[in-house]
Amino acid sequence: MNIILLGPPGAGKGTQAGRLEADRGMVQLSTGDMLRAAVKSGSPVGLKAKAVMDAGELVSDEIVSGIIDEKLGTLASRQGVIFDGYPRTAAQAEQLDAILTKHGRSLDHVIELEVNEDKLVVRIVGRYTCGQCGTGYHDSFKHPKVAGVCDVCGATEFKRRPDDNEETVRTRMAEYRAKTEPIIPIYAARGLLARVDGMGEIDAVTAAIEAILDAV
Ligand code: ADP
Ligand code: ADP
Ligand code: ZN
């Protein structure tokens, strides 16, 4: 199964993709995570992407589609994937169709997390992740079970993203509205779109997504 999780910054894409990965053995493909890894390693892609990401703007379609193509080449075609934060433009959506065909895959579901944008800023400025395994937490909404210790790997170092500040979030929201939202009707027209209320509890959102994946 190949699915896309769509929604603005802070909608819960990464949180839900992580759960599907743990519950169903699917693989999360987050272009944001891959780009951050490239920045950290100082690779040519990372050097190009850093300033764009810090500004909250979109990295070029060629770069992100290139890294998705490369990553899919390393996976068996029966390995299910969750696209998280990709595609984000009409051009990327077209490139993804070609990439999937090339790798013998097709899309099963596109799931839009519907959210109240005004509440997302709170989610984003309170977001932090485990420095070792990347598990996501939140200052108000998701604490580790033992304070200061990652539930998953036991690490005690956490980090925050440099672009998770209120000003950059506004730019990222505007980019979403201008460039990503317009691809939703394309998937609706193909009968692939399902909408889920992203404002509920994390568990309720997971249950709604699982119901879509399990429907026959
Ligand atoms: P995205 O990947 O769409 O940018 P995240 O999954 O990183 O979003 O979620 C943003 C922040 O909000 C994280 O700190 C996460 O723990 C928290 N969060 C995610 N889903 C919910 C939810 N349904 N209710 C409350 N907080 C949530
Ligand atoms: P969010 O939590 O906002 O959903 P991501 O981790 O998905 O954030 O992305 C962080 C940044 O990485 C984006 O603001 C953008 O600069 C870049 N990026 C990630 N995915 C893409 C993509 N598919 N196309 C262009 N830029 C991307
Ligand atoms: Zn951890």
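Both ligands and their constituent atoms are indexed starting at 1 by order of listing. None of these values were measured; they are calculated from a predicted model.
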Which ligand 2 atoms does Lys13 reach within 4.0 Å, using its non-hydrogen atoms?
-> 4 (O)
Per-atom contacts, ligand 2 versus Arg127 - under 4.0 Å to a heavy atom | 2 (O)
If you group Ile, Leu, Val, Met, Phe, Trp and Tyr by side-chain heavy-atom gaps below 4.5 Å, do Leu96 and Ile3 land in one group?
-> no
Check ion pair Arg177-Glu181 (N to O, under 4.0 angstrom) = no
Taking only heavy atoms of Phe141, which atoms of ligand 1 are found under 4.0 Å from at least one of them?
-> 25 (C), 26 (N)
Output yes when the distance from some N or O of ligand 1 to some N or O of Gly14 is under 3.5 Å, and no in every other case.
-> yes
Based purely on interatomic distance, does Val59 place a nitrogen or oxygen under 3.5 Å from a nitrogen or oxygen of ligand 2?
-> yes
With a 4.0 Å cut-off, would you call Lys102 and Asp97 a salt bridge?
-> no
Any chain of hydrophobic side-chain contacts (each under 4.5 Å) joining Leu5 to Val81?
-> no
Would you mind running through ligand 2 and noting each atom that sits below 4.0 Å from a heavy atom of Thr31?
-> 19 (C), 20 (N), 21 (C), 22 (C), 23 (N)
Would you say Gly18 touches ligand 1, if touching means a heavy atom closer than 4.0 Å?
-> no
NZ/NE/NH1/NH2 to OD/OE distance under 4.0 Å, Arg160 and Asp139 | yes
Does Asp33 reach ligand 2 with a nitrogen or oxygen that is under 3.5 Å from one of the ligand's nitrogen or oxygen atoms?
-> no
Distance to 0.1 Å, residue and atom name: give those for the protein heavy atom nearest to atom 8 (O) of ligand 1.
-> Gly12 N, 3.2 Å
Relative to the heavy atoms of Leu35, which atoms of ligand 2 are at a distance of less than 4.0 Å?
-> 12 (O), 17 (C), 18 (N), 19 (C), 27 (C)
Examine Lys142 against ligand 1 and note whether any of their N/O atoms are separated by less than 3.5 Å.
-> no
With Gln92 as reference, evaluate Asp61, Thr31, Thr180 under the side chain to side chain donor-acceptor pair (under 3.5 Å) test and give the passing residue.
-> Asp61
Does ligand 2 have a heavy atom under 4.0 Å from the side chain of Arg123, from its backbone, from both, or from neither?
-> neither
Please work out whether the ring planes of His138 and Phe141 are parallel, tilted or perpendicular, with thresholds of 30° and 60°.
-> parallel
re atom 19 (C) of ligand 2, the protein heavy-atom contact at minimum distance is Arg88 NH1, 3.5 Å
Ligand 1 and Gly10, any nitrogen or oxygen pair closer than 3.5 angstrom?
-> yes
Do me a favour and list the nearest non-hydrogen protein atom to atom 6 (O) of ligand 1 with residue, atom name and distance?
-> Thr15 OG1, 2.5 Å
For ligand 2, which part of Met53 has a heavy atom less than 4.0 Å away: the side chain, the backbone, both, or neither?
-> both
Arg36 touching ligand 2 at heavy-atom level, < 4.0 angstrom = yes
Per-residue contact class, Val64 against ligand 2 - non-hydrogen pairs under 4.0 Å = side chain
Among all protein heavy atoms, pick out the one at the shortest distance from atom 23 (N) of ligand 1; state its residue, atom name and that distance to 0.1 Å.
-> Gly200 O, 2.8 Å
So, is Gln16 polar-close to ligand 1, with some N/O to N/O distance under 3.5 Å?
-> no
Sub-2.8 Å protein N, O or S atoms surrounding the Zn ion (ligand 3) | Cys130 SG, Cys133 SG, Cys150 SG, Cys153 SG
Close approach of Ala11 to ligand 1, heavy atoms, under 4.0 angstrom = yes
Please determine if Tyr128 has a nitrogen or oxygen closer than 3.5 Å to a nitrogen or oxygen of ligand 1.
-> no
Val27-Met1 co-clustered via ILVMFWY side chain contacts under 4.5 Å | no
Would you check whether Asp84 has a nitrogen or oxygen atom less than 3.5 angstrom from a nitrogen or oxygen atom of ligand 2?
-> no
So if you build clusters from Ile, Leu, Val, Met, Phe, Trp, Tyr with side-chain heavy-atom gaps below 4.5 Å, do Leu113 and Ile202 land together?
-> no
With a 4.0 Å cut-off on heavy atoms, does Gly7 reach ligand 1?
-> no
Electrostatic pair Asp84:Lys13 at N-O distance under 4.0 angstrom = no
I would like to know whether Glu57 and Arg172 meet salt bridge (Lys or Arg N to Asp or Glu O under 4.0 Å); could you show each step before the answer?
-> CA-CA 6 Å; Glu57 289 161 10; Arg172 288 157 57 198; over 6 Å; no
Atom 14 (O) of ligand 1 - nearest protein heavy atom and its distance = Tyr137 O, 2.8 Å
Are Ile4 and Val59 connected in a single hydrophobic cluster, I mean Ile/Leu/Val/Met/Phe/Trp/Tyr linked by side-chain heavy atoms less than 4.5 Å apart?
-> yes
Atoms of ligand 2 under 4.0 Å from any heavy atom of Arg172, numbered from 1 in the order shown, are 1 (P), 2 (O), 3 (O), 8 (O), 14 (O)
Provide the number and element of each atom of ligand 2 under 4.0 Å from a heavy atom of Gln92.
-> 22 (C), 23 (N), 24 (N), 25 (C)
May I ask you to check whether Tyr86 has an N/O atom sitting below 3.5 Å from an N/O atom of ligand 2?
-> no
Sole candidate of Gln16, Arg19, Arg24 that passes side chain to side chain donor-acceptor pair (under 3.5 Å) when paired with Glu210 | Arg24
Nearest protein heavy-atom contact for atom 21 (C) of ligand 1: which residue, which atom, what distance?
-> Ile202 CG1, 3.4 Å
Kindly confirm or rule out an N or O of Asp163 lying under 3.5 angstrom from an N or O of ligand 2.
-> no
